[in-house]
Amino acid sequence: MVGSETATGCVVESYGRRVLVSRPGAPDVRCKLRRRSLDVVAGDLVRIAVAAGDDEWSVLERMPRRNVLRRSDSRGRAESLAANLDQVAVVVAPIPSCDPFIVDRYVAGARQAGVDVLLVVNKADLPLPAGDLDFVGPLQAAGLPALHVSASTGAGLDQLVHRLTQRRSLFAGQSGVGKSSLLNALAGEALRATGALSAGSGEGRHTTVSSAILQTPWGEIADSPGVRDYAPPVVPLREVQHGYAEIEALAAGCRFLDCLHLREPHCAVRSAVDAGAVDARRYESYRRLLNLNRQLGERRGWGP
Ligand code: GDP
Ligand code: ZN
């Protein structure tokens with residue numbers, strides 16, 4: 001373009017075809033996406049341009065991504081939620097009781113994207129009704145770090161800040177586990193200053209925001225309403241096991257290279273489940289995700 005100015009920056013908010021781009025040492029600019037096919041979400045690095053005399057910037061291209069967290073919509077189509085993440089912090093709590101199968105889906109989606117997962121067990125101040133957090137142990141055994149914290153008393157928040165420092169983290173978790181309370185306790189002032197993240201269910205925020213990144217003094221928080229009702233993107237059936245570290249680690253011992261660990265003979269995963277070495281609930285979770293993946297894949301027209 002003749003007489004145009006170009007720049008690179010990071011997308012800090014995305015609203016469908018429009019994005020807000022932050023540039024080092026210059027004010028944020030609103031940009032439109034040039035091409036419909038451009039898949040750009042919060043966290044993406046982009047090259048932007050404005051024609052001389054014009055005040056409308058547009059996104060020319062997206063730079064290569066380190067990773068992108070995606071979800072599957074109800075028709076099995078993949079939707080990008082946030083890009084270039086360092087970790088997904090999955091928040092759980094004893095009350096309201098968490099559905100461990102939903103927790104597994106967040107973990108599986110993050111693993112599919114190649115993003116580290118941190119388990120944040122909130123409301124450590126509450127007495128633990130027996131059984132409610134039983135699913136945490138097997139996740140830790142599968143290699144997930146877990147932090148026990150309380151947004152109410154502040155217990156464990158130092159360690160949490162330490163884990164979040166100089167990283168870009170996306171908070172996921174069921175409604176009511178205390179995500180907003182945690183973010184308020186950690187970054188209340190920054191949150192109030194920008195209004196980027198709202199308390200509770202996301203009401204009160206601009207309804208069309210599809211993802212946002214909030215700068216805090218210690219790190220960045222990515223937020224997307226798309227993490228509610230989360231289902232990982234559809235992948236070939238054989239790849240569903242990437243979401244389950246302890247299952248994937250055993251797959252090399254199965255007789256068949258394409259073993260799905262269902263009813264195939266000489267399956268190392270099933271043997272480990274029978275022997276109690278792999279948690280039965282996690283294995284059941286893997287089977288459910290395999291089924292969900294199959295159904296969504298069929299809706300999308302991939303066939304069985
Ligand atoms: P979100 O839906 O995940 O954002 O959850 P909220 O942050 O809105 O919290 C849901 C409820 O749990 C609120 O009533 C909070 O006051 C309460 N809550 C959040 N963190 C804690 C905690 O550490 N301990 C206790 N006892 N309650 C908490
Ligand atoms: Zn197998």
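Order of listing sets the numbers, starting from 1, for every ligand and every atom in it.
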If you look at every heavy atom in Val234 and Gly297, which pair is closest and at what distance?
CG1-CA, 3.8 Å
Give the single entry among Leu182, Val121, Asp125 that approaches atom 24 (N) of ligand 1 most closely by any heavy atom.
Asp125
Ranking Gly156, Ser175, Ser152, Gly173 by closest non-hydrogen atom to atom 28 (C) of ligand 1, top hit is Ser152
For ligand 1 and Val149, I'd like to know whether there is a polar contact (N/O to N/O, distance under 3.5 Å).
no
Specify side chain, backbone, both or neither for Asn122, according to which of its non-hydrogen atoms lie closer than 4.0 Å to ligand 1.
side chain
Should Arg62 and Leu45 count as side-chain neighbours, where that means a heavy-atom distance under 4.5 Å?
no
Backbone of Val177 reached by a side-chain donor or acceptor of Asn122 within 3.5 Å
yes
Against heavy atoms of Val177, which atoms of ligand 1 measure under 4.0 Å?
3 (O), 5 (O)
Between Ser72 and Tyr230, does any side-chain donor sit less than 3.5 Å from a side-chain acceptor?
no
Kindly indicate, with the supporting measurements, whether the criterion side chain to side chain contact (heavy atoms under 4.5 Å, CB included) is fulfilled by Val50 and Asp55.
CA-CA 7 Å; Val50 64; Asp55 56 1; 5.7 Å; no
Which is it for Arg288 and Tyr283 under the side chain to side chain donor-acceptor pair (under 3.5 Å) test, yes or no, and what are the steps along the way?
CA-CA 9 Å; Arg288 287 195 197 182; Tyr283 173 66; over 6 Å; no
Between Phe135 and Arg281, the two heavy atoms sitting closest are CB-NE, 3.9 Å
Between the candidates Gly154, Ser181, Pro96, which shows the shortest non-hydrogen contact distance to atom 6 (P) of ligand 1?
Ser181
Look at the side chain of Arg111 and the backbone N and O of His242, then say whether any donor-acceptor pair between them is shorter than 3.5 Å.
yes
N, O or S atoms of the protein lying under 2.8 Å from the Zn ion (ligand 2):
Cys254 SG, Cys259 SG, His261 ND1, Cys267 SG
Return the minimal non-hydrogen interatomic distance between Pro233 and Arg70, and the atom names on each side.
CD-O, 3.3 Å
Ligand 1 contact on Asn184 by region, counting heavy-atom pairs under 4.0 Å:
neither
So Ile48 and Thr8, do their side chains get closer than 4.5 Å, heavy atoms only?
no
Under 3.5 Å, N or O to N or O, is Ala151 touching ligand 1 that way?
yes
Evaluate Gly176 for polar contact with ligand 1, using N/O atom pairs at a separation under 3.5 Å.
yes
